[in-house]
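Below: the structure, in structure tokens.
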Amino acid sequence: MYDQLRNALMGWYRVNGRNLPWRQTRDPYKIWLSEVILQQTRVQQGLPYYERFVDKYPTVVHLAHAEEEEILGLWKGLGYYTRARNLQKTAREIVRGHGGAFPDNYQALVMLKGIGPYTGSAIAAFAFGEAKAVLDGNVLRVISRVLNLGEDIAKASTRVHFQQIATEWLGTADPGVFNQAIMDFGALVCSPKPICPQCPLAEHCAALREGTVKQRPQKAKRPAKRNRYLHYFYHVENECITMWKRDTGDIWAQMFDLPLIEKMDASPPSSLDLGHMGITSPTMPAYRAKHQLTHQTIHANFYLVPKLTYRPGYTSIEIAKLDSVPYSQLLATFFDYLFSKD
DNA sequence: AATGCGGGGCA
DNA sequence: TGCCCAGCATT
């Protein structure tokens, strides 16, 4: 029923498919690594991270034996840091719980931390040839356009429907190759800014026929972004800087951070707030930065202070060793500023 | 079902 | 400069 569509897609992929390092292997460990790195991340950005991880941890055993902070250090700058933590949890689970044998089917894979429906399908198909159709953003976009479906892709019911369609499209094709093909097609041709004039599926595309390509995939409006105002205090003494480790349940969970006061609005910190930090004289921020996250905007002010009241959880980190601890991109930007001008 | 988690690309 | 992208876990 979808033979023509499938053949057109596979034909396009044979000629135009990208030559990516994780496509040269059927090692489930390397495929897993690549898929986790590529979650919510463009190939171009993830590529150097993949190379560094494979280089440093050639097998799941190497990864299982690594220190968490070393892994987070390698992950620095990639975002969504729970991916890195889950990577290590799962490596240890595989080495300890499965005797080093990588789980070899979808059902077993999705039991693991950090492996959901998409990543489970990807590993099952690419490494083990299991007939699971992947459903990522690319595939959602392609299906919604080719069949001109206006369902909200955020809805669970839509996921179920689209998963069924993707499985039908996969049909009897090689599941690994077909999944690569449809994702590459979504990334290179049927992209957010599609190249319809060069599309190999143009004659099959209902959205192109109906003129609704731009409205596909359909998704509900995003909620407004939240503004947060962070007043940071930095204190450098004896080549050390005072930091603390953030809690879980908020941004930058368990990452090192500078002492701070948070406000809900743009007003300056009160003298009471400052007193609590052991700061007697309010100063002007030495550095300001705005940091965009998906659902919030961080407004950061950095104040140089002569001393800080030491509190539980505070720790002193040698500036020379700063690169070996995990901290956010915002702080990386600030440290670049701070230590480049002396 | 709704929300939180980050980066980079792009108009 | 502000919007867009769209896997997984948690609640």
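Each chain gets a letter, A, B and so on, in the order its sequence line appears, and its residues count up from 1.
In this structure, the nucleotide among B:dG7, B:dG6, C:dC8 sitting nearest to the side chain of A:Q45 is B:dG7. Distances were taken from every side-chain heavy atom of A:Y81 (C-beta onward) to each of B:dG7, C:dC5, C:dG7; the shortest belongs to B:dG7. Across C:dG7, B:dG7, B:dC5, the shortest atom-to-atom separation from the side chain of A:Q40 is found for C:dG7. Of the candidates B:dG7, C:dA9, B:dC5, the closest approach to any side-chain atom of A:I251 belongs to B:dC5. Considering only the side chain of A:N86, C:dA9 comes nearest among C:dG7, C:dC5, C:dA9.
The distance between atom CG of A:L112 and atom P of C:dC8, rounded to the nearest whole Å, is 12 Å. Computed from coordinates, the A:Q44 CD to B:dG6 P distance equals 23 Å when rounded to whole Å. Nucleotide B:dG8 holds its C1' atom 15 Å from the CH2 atom of A:W75, rounded to whole Å. Put simply, NZ on A:K214 is 13 Å from P on C:dC4, counting in whole angstrom units. Separating the OH atom of A:Y80 from the P atom of C:dC5 is a distance of 13 Å, rounded to the nearest angstrom. Across the protein-nucleic acid pair, A:I37 atom CD1 and B:dG7 atom C1' stand 14 Å apart, rounded to whole Å. To the nearest angstrom, C1' of B:dC5 lies 13 Å from CD of A:Q254. The CG-P distance, from A:L38 to C:dC5, rounds to 18 Å in whole Å.
Listed by chain and number, the residues in a ring-ring contact (aromatic ring centres under 6.0 Å, His included) with A:Y314 are A:Y310 (sequence neighbours excluded). Remark: A:F256 engages no residue in a ring-ring contact (aromatic ring centres under 6.0 Å, His included) (not counting sequence neighbours).
Here the separation of B:dG6 from C:dT11, taken at their P atoms, is 16 Å to the nearest Å.
Chaining together hydrophobic side chains whose heavy atoms lie under 4.5 Å apart places A:L208 alongside A:V213.
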Just list the side-chain donor-acceptor pairs under 3.5 Å for residues 120-135 of chain A, sequence neighbours left out, or say none.
from	atom 1	to	atom 2	distance (Å)
A:S121	OG	A:P117	O	2.8
A:E130	OE1	A:Y106	N	3.0

I'd like a table of donor-acceptor pairs (distance under 3.5 Å, sequence neighbours excluded) in which one partner is a side-chain atom from residues 171-178 of chain A, with atom names and distances.
from	atom 1	to	atom 2	distance (Å)
A:D174	OD1	A:G176	N	2.9
A:D174	OD1	A:V177	N	3.2

Table please: side-chain donor-acceptor pairs of residues 6-14 of chain A below 3.5 Å, with sequence neighbours left out.
from	atom 1	to	atom 2	distance (Å)
A:R6	NH1	A:W169	O	2.6
A:R6	NH2	A:D3	OD1	2.5
A:N7	ND2	A:D3	O	3.3
A:Y13	OH	A:R23	NH1	3.4

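Proximity of A:T82 to the phosphate of C:dC8: no side-chain N or O atom is located under 4.0 Å from OP1 or OP2.
Every pair passing side-chain hydrogen bond (donor to acceptor under 3.5 Å, both in side chains) that includes a residue from residues 135-145 of chain A is listed here, sequence neighbours excluded: A:D136-A:N138, A:N138-A:R141.
Interface residues of residues 133-157 of chain A facing DNA chain B, ordered by number: A:A156; criterion, heavy-atom separation under 4.0 Å. Interface residues of residues 180-201 of chain A facing DNA chain C, ordered by number: none; criterion, heavy-atom separation under 4.0 Å.
Within a 6.0 Å radius of CD in A:Q215, more than 12 heavy atoms belonging to other residues, nucleotides or ligands are found.
When each of A:R42 and A:I115 is assigned the nucleotide of DNA chain C bearing its nearest heavy atom, the one mapping closer to the 5' terminus is A:R42.
Aromatic ring centroids of A:Y81 and A:W252 lie 6.0 Å or more apart.
For the residue pair A:Y57 / A:Q88, no side-chain donor-acceptor distance below 3.5 Å is found, with atom types taken as modelled.
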